[in-house]
2 protein chains.
Amino acid sequence: MLKRIDELRDSLSPAERRVAEWVLAHPREALASTLAELARKIGTSEPTIVRFCRRTGASGYSDMKLRLAEALSRPASYLHRDVAPGDSVGDAVMKVMDRSVHAILTMRDLAPNLPFEDAVAAMRGARQWVFCGLGASGDVARDACQKFFRLGVPSSAQTDTPSILQTAAVSGREDVLLMISHSGRWQDVARAQRQARENGAYVIAFTQPGSPMAGEASLCFECEVGEDASIYTPMSSRLAQLALMDALQVALALALGESANRNLQRSKQALGAA
Amino acid sequence: MLKRIDELRDSLSPAERRVAEWVLAHPREALASTLAELARKIGTSEPTIVRFCRRTGASGYSDMKLRLAEALSRPASYLHRDVAPGDSVGDAVMKVMDRSVHAILTMRDLAPNLPFEDAVAAMRGARQWVFCGLGASGDVARDACQKFFRLGVPSSAQTDTPSILQTAAVSGREDVLLMISHSGRWQDVARAQRQARENGAYVIAFTQPGSPMAGEASLCFECEVGEDASIYTPMSSRLAQLALMDALQVALALALGESANRNLQRSKQALGAA
DNA sequence: GAGCATTTTGTAGTAATACTACATCATTCT
DNA sequence: AGAATGATGTAGTATTACTACAAAATGCTC
């Protein structure tokens, strides 16, 4: 339906095209509006809108709304339009949601090519895991730490530059450092990675391919999630990173087998008792 | 939606139940009918049908038809298989990814019914925003704080019981507290909410409907994301919560308009310069 | 470039639809 | 049995979508 409107756009008269464009930009708000309201919002007359509806194949305005409702709920509509000033709250919310879904789907498609096996192999024998990240990635690091420590291996999160540098300085042969960054362009972190590797630690980077941090890692998860173009769409890529860490933790839990299982169960019970 | 009607069935009066059953049996035909036609087909009166629609959560007959149209077009959605011992690393990773996608899709479907407008209205005039959460929800709170403070309103995150209680104690008329919890069963937090409301603060809860925390809030985002059945699938629901906060932040940014925009842009530049 | 023809757009009115207030009927409880 | 509560339908009203028609706007011919 949305696709259909998009196709029609060229063959429409100016006023009807304005309708088409407005509806594509604010589908949710269109759904919530009556014919008269829509006419006012778009700045045209009611019959023009009705004529537009007919052209899309609907029998009238109400029918078009029904079809639109169907189209919006179909997950196929994730061609994510950016949030724009003037969007209704409902439209903006759905656009962000679609973007989030899209980010995770992209990561899902990427996953088969990522070196999970290697990471698991490196982590399973480690003495400790250290998760490092700055800014928003710091939250990802903390979140990951929170999850991984339940597997029974000492884990910590470092979320500022001095701490990361110090951690790298004292790291040793049996440590695994997991460096999380969206851009991969923090020179200080890249330096910390080199230092850690010189100390014999294993460094896994979760960042953009070709970046300095990717270069200074023992192993890299190349996450090229489309960057957030608009200032309104904050960090949907971070969701993808979190999902990635989830997947890694589960893979690791499976590899560790019985002992990790026991620890997981215990920490769950500890929460349940509270 | 269809599920909801099915659940309601027992609590309906005889005439309304006949409506429910007919709609469940012939949903497509219901969509194509007007209110009067439906009344005739079912053998009841128009107001009975309208009352039934209201009970499903819709605002009237037209709104119910829209929701029905959405429900009918939704494919049965991602059946997520659980991770099991013996899975290969690749299998496990893909299963976790599918689960993550599922969690966000569920939240996406929930979103249109959540009170974003009310939340935005309450938050836009506030003196400060405080995000509270324990455990994994604490990370969500911190993450949210990190995002929201960029809009230019003082924000903080409280992630342990004593801090939350103290914050509630000193909160006042112009403060908005956002309480995040998966279960909603932390009595201490619920107590903090009551206290804060007595002080005149506005309390928004993001938690399960019917829980103590939901009851003690000024406004509740009812997030009933299926609980993580297996110990292997950690917190995919948390992804949904994060996506929800993203959406709220964007909606808020739009409502705040120019000033928020400027602040967002500035904080982006601050990062870019580093 | 004026005048006709065609398409596009808006105005005003009409028919329908959804919704509401109220009366009637059924059911339950004292 | 009779009052009280709740369920259901009737009749009326206000919206809403739609239509016929007229006014602009655009394109074409001479």
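Here the structure is a predicted model, which is why all the values come from computation and not from measurement. Throughout, protein chains are lettered first and strands after them, A, B, ... in sequence-line order, and every chain is numbered starting at 1.
When the side-chain nitrogen and oxygen atoms of B:S62 are compared with OP1 and OP2 of D:dT16, none of them lie within a distance under 4.0 Å. Look at A:T44 and you won't find any side-chain N or O under 4.0 angstrom from OP1 or OP2 of C:dT9. Proximity of A:R54 to the phosphate of D:dT19: a side-chain N or O atom is located under 4.0 Å from OP1 or OP2. In this structure, A:T48 does not reach the C:dT8 phosphate: none of its side-chain N or O atoms is under 4.0 Å from OP1 or OP2.
The CG atom of B:L239 lies 6.0 Å from the CG atom of A:L242; values are rounded to the nearest 0.5 Å. Between atom CZ of residue A:R67 and atom CG of residue B:L31 there is a gap of 11.5 Å, rounded to the nearest 0.5 Å.
In this structure, CG of B:D63 is placed 16 Å from C1' of C:dT17, rounded to the nearest angstrom. Rounded to an integer number of Å, the gap from OH of A:Y61 to C1' of D:dC18 is 13 Å. The distance from atom CG of B:L35 to atom P of D:dG9 is 13 Å, rounded to the nearest whole Å. Across the protein-nucleic acid pair, A:R40 atom CZ and D:dA17 atom P stand 13 Å apart, rounded to whole Å. D:dA17 atom C1' lies 12 Å from atom NZ of B:K65, rounded to whole Å. Rounded to whole Å, atom C1' of C:dA16 lies 14 Å from atom CD of A:E46. Atom pair A:I49:CD1 and C:dG10:P shows a separation of 10 Å (rounding to whole Å applied). Between the P atom of C:dG10 and the CZ atom of A:R51 lies a distance of 8 Å, rounded to the nearest Å.
Distance alone, capped at 3.5 Å, places no donor-acceptor pair between the B:R55 side chain and the B:L12 backbone. Without hydrogens or angle criteria, B:R54 side chain to B:S59 main chain gives a donor-acceptor distance under 3.5 Å. With hydrogens and angles disregarded, no donor-acceptor distance shorter than 3.5 Å links the side chain of B:E216 to the backbone of B:Q193.
The pair A:R28-B:E70 counts as a salt bridge, with a side-chain nitrogen and a carboxylate oxygen less than 4.0 angstrom apart.
Listed in residue order, the members of residues 13-32 of chain B having a heavy atom less than 4.0 Å from DNA chain C come to none.
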Verdict with supporting geometry, A:K95 and A:D87, salt bridge (charged side-chain N to carboxylate O under 4.0 Å, His left out): CA-CA 10 Å; A:K95 283 181 181 177; A:D87 276 0; 2.7 Å; yes

